[in-house]
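Some notes on the structure that comes next.
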Amino acid sequence: MRVLQVALPLPLPPMSYLPPLGQEGEEALGRRVAVPFRGEVQVGVVVGEGGRPSLNLRHAIAYLDPAPYLRPEEILFLEEAARYLFAPLGQVLADFLPPFPPLRHRVRLYPGADPKVLPPGLGALVDWREARGFDPKLLDLLREAGMLEEELAFREARGVLVPLKPAHPDPQLDRVLQVLRELGFAESQAALARAAGVGVGRVRRLVQEGYIGTASPEEAAPPPADGVDVAPLHLPERPERVNGGRFLERVRVLKGLLGEGNHLVLFPEVSLLERFLAHFPGATPYHGGLSGPVRERFFRRPRGLVFATYGGLLLPFTPRSLVVVEEGSESYKLPSGSRAFVPPLAELRARLLGVPLTYLSLVPAVEVLERKGFALPVPKPRLLLLDLRRERGFPVTGRALALLRQVEERGRQAVVLSARKGYSALLLCQDCGFRPMCPDCALPLRYHREGKGALVCHQCGHREDPPLLCPRCGSPLLAPKGPGVDWIREALAERLSLPVYRYAGDGKDDLTPLLEGRPGVVVGTTALLRGPRLPDLALVLLPLADGFLLESDFRAAERYHRLLWALTELRPGRRPLLVLQTFTPEHPVHRALEAGEVEAYLWQEKALREALNYPPRVRMVKLEVRHRKEERAREKAFALLEALRAEAEEGEVLGPAPAPVPRVKGHYVFHLLLRGSTERLARLLGLLDRRQFRLDPDPFHFVGLLED
């Protein structure tokens, strides 16, 4: 008898099932199938056949697709990706699949079954009933006893709301209609009401008057944004990487790389995808910002030029080429699940499909430097380094303030970038040095000044009122230290007559006046890089540039290098003056920026990492051990080291050591780092009990906890 291997979108390896009763001879590979699992019904994908039949094996309930949902090519990719990530195949499947549609599940007793022998409440099953009205575990008992007949199918996606007319004479209703036009579609009246900030009654009235109608999800894609039409730039031969140039030049190169037919272009985040999409009206977007039904329907029939985020790697089609945009971006890192970093998986996917792969970015990642490349000429940045060891003024030096006043006098725009949200990094007693600390993390509490003020931990969310006096010595001299977005904004608002806006992940002011060309200053975090481009931007200022550089991560300098070059492109068409207040003006990143060299610093960084036997020379994985008691966390970490000692060679294991922040969310955290090839790391990890640690297969940060 055949045995199916079914991958469920759970952190598990494939499970063994017998084919559905009455469908034993049907082709199964790649089809979605409903199976009993832990007393409930789960949907998985058949990824193979094989295994020994057993009396303990249960039958799958029903196939849910008439044809394969995944091809053998996608199944092979899942298997190889799982090996690369040291993760269960089901976890990789869960990371890359679009959400399954809800199930329509009806049940009844097989004709002839006596309802009198059933537990109370199941007598109604003599006729067809919706399964959700019954205890799943009782239904599973009937299923296992062979008494239950079932019908399962995916529910058809309901229509979404779309605008039918351009405007409404009532201004209040017209505002709701314009919100829908900007969104493209809304999944329900309630969703549109929330987006517009109105009651559902106004949305209902627009529907009744014929200004809003319904359409299928796949017909309701948002219209492409207006963009500049550019001619393709054809290169003599297809390179493995393209770097440098201005944004529109890279758009032209991408147009030249993409011919007719199917192509897949991967982006690290939706904002960048949409910037490129404005120049490719024929491309189809595929990302998590789209509704589940839209993504699921496109997944079943992918075609043409596809602009996607990481989920596009599993689309069941063979593109003529694959392009990865900004391959060094941290946004390619999945924060949970398999914790994959997407570019290596894109390379794996291209190799398995036998299609060419090209990396396209302003600044190449260290990992791709040695690939055959094509460099576009890069305009030399306009850069001013202000040495904080010599300059006066805080948090903005006198010279930087003078430049901002020039922006003010000329009616231009400026951006001021901070590495910190809130008002300040901490409160400090001027007399005894006391700092309020988070009770659950080994971190000082960040000071937020709005309202009555608050002390907040940005790791665990702990919140408390700031003390009026020092709890240790009773001194009233509690002063903020380490300026954040709100401190800098306050300082500039006192010194400039220009309007000063705030733009950070925890709150964004309306930048419409600036987008219309009016003068002003925006103070924010790196969220500005994903925001709208200011048309008259003249100055970008980093009051404490070292805050972006001094991180507990061997990739921190490379990340800082990439950030600075990205800041030079904040204004379309022209490069603003980039002003860095820093204690390290002689840092190699700054010197490379002064020289206008995109790659020079990266080659230095690569040589340093090779000397230290760090990535990309070898792979590195992070093992995280945590416990609420410090001694138990340390014991568990050293137990892992002991388990590795007999097999590991010199230099393959670093640690264990406390994490850079040794206590987070009430847990003491220890790290071990393993270095080697994928095969060697798999050998070492095979010696360990995976329940004793959390694994990051491509570590990018060493602060915080690995979440499930």
Side-chain angles (χ1 to χ4, degrees), residues 2-12 14-47 56-70 90 93-94 97-115 117-160 187-188 216-218 291-297 299-300:
R2 298 165 60 207
V3 176
L4 307 181
Q5 298 300 313
V6 179
L8 303 177
L10 298 169
L12 296 168
M15 315 286 287
S16 297
Y17 287 90
L18 299 176
L21 291 170
Q23 298 176 291
E24 289 85 355
E26 293 189 17
E27 182 61 37
L29 187 66
R31 293 172 71 179
R32 287 178 291 185
V33 63
V35 297
F37 180 75
R38 295 184 177 176
E40 298 188 346
V41 175
Q42 291 278 355
V43 177
V45 179
V46 179
V47 295
N56 296 325
L57 289 184
R58 304 189 63 180
H59 283 274
I61 300 172
Y63 295 121
L64 300 171
D65 296 303
Y69 182 68
L70 295 180
L93 183 73
L97 273 183
F100 291 143
L103 280 176
R104 183 176 183 273
H105 186 191
R106 298 201 310 159
V107 293
R108 72 173 181 179
L109 294 178
Y110 270 111
D114 186 358
V117 302
L118 301 180
L122 296 181
L125 286 176
V126 292
D127 297 315
W128 285 109
R129 293 286 186 270
E130 290 290 333
R132 63 184 175 182
F134 298 91
D135 184 342
K137 290 184 172 53
L138 288 178
L139 292 180
D140 195 49
L141 290 174
L142 295 178
R143 183 181 298 119
E144 194 168 8
M147 300 176 63
L148 193 67
E149 190 174 4
E150 301 179 77
E151 288 183 352
L152 289 107
F154 289 124
R155 293 183 184 273
E156 286 297 319
R158 61 183 181 183
V160 296
E187 296 197 13
S188 66
S216 67
E218 56 192 354
S291 69
V294 168
R295 281 186 287 156
E296 200 274 336
R297 288 194 180 197
F299 190 92
R300 284 187 275 135

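Heads up: numbering here begins at 1 and tracks the sequence. From a predicted model like this one, the values you see are computed outputs, not experimental measurements.
- Two residues are said to be in side-chain contact when any heavy atoms from C-beta on lie closer than 4.5 Å; Pro68 and Glu27 fail this criterion.
- Residue Leu152 comes nearest to Ala62 through the heavy atom pair CD1-CB, 4.4 Å, listed as atom of the first residue, atom of the second, then distance.
- For His59 against Pro20, the heavy-atom pair with the smallest separation is ND1-C, 4.5 Å.
- No side-chain heavy atom of Val47 sits less than 4.5 Å from a side-chain heavy atom of Leu70.
- Shortest non-hydrogen contact noted between Leu93 and Pro9 is CD2-N, 4.1 Å.
- Here the straight-line distance linking atom CZ of Arg38 with atom CG of Leu10 works out to 8.0 Å at 0.5 Å rounding.
- For the salt bridge (Lys or Arg N to Asp or Glu O under 4.0 Å) criterion with Glu150, the lone passing option out of Arg106, Arg143, Arg129 is Arg143.
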Donor-acceptor contacts, no H, no angles, side chain residues 130-137, under 3.5 Å, sequence neighbours left out:
from, atom 1, to, atom 2, distance (Å)
Asp135, OD1, Lys137, N, 3.0

For this session: Please assess Phe37 against Val6 for the test side-chain contact (heavy atoms from CB on, under 4.5 Å), listing each intermediate value before the final yes or no.
Result: CA-CA 11 Å; Phe37 180 75; Val6 179; over 6 Å; no

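- Summarising the geometry of Val33 relative to Ala60, their closest heavy-atom pair is CG2-CB, 3.6 Å, with the distance given to 0.1 Å.
- The structure places CG of Leu97 at 10.5 Å from CZ of Arg295, a figure rounded to the nearest 0.5 Å.
- With Arg155 contributing its side chain and Leu103 its backbone, the two residues share a donor-acceptor pair below 3.5 Å.
- Between Pro99 and Gly292, the shortest heavy-atom distance links the atoms CG-CA, 3.8 Å.
- In this structure, the side chain of Tyr17 engages the main chain of Pro36 through a donor-acceptor pair within 3.5 Å.
- When each of Leu18, Asp140, Val35 is checked for a side-chain contact (heavy atoms from CB on, under 4.5 Å) with Arg58, only Asp140 meets the rule.
- Of all non-hydrogen atoms in Pro19 and Leu4, the two that sit nearest each other are CA-CD1, 3.8 Å.
- The shortest distance between side-chain heavy atoms of Phe100 and Leu64 does not fall below 4.5 Å.
- Not one N or O on the side chain of Gln23 forms a donor-acceptor pair closer than 3.5 Å with the backbone of Leu21.
- With a 4.5 Å cut-off on side-chain heavy atoms, Glu296 and Phe154 do not count as touching.
- Met147 contributes atom CE, which lies 11.5 Å from atom OH of Tyr110 (distance to the nearest 0.5 angstrom).
- Side chain of Asp65 to backbone of Arg31: no donor-acceptor contact under 3.5 angstrom is found.
- A distance of 11.5 Å separates CG in Leu29 from CD in Gln5, rounded to the nearest 0.5 Å.
- Atoms CD1 and NE2, on Ile61 and His105 in that order, are 5.5 Å from each other to the nearest 0.5 Å.
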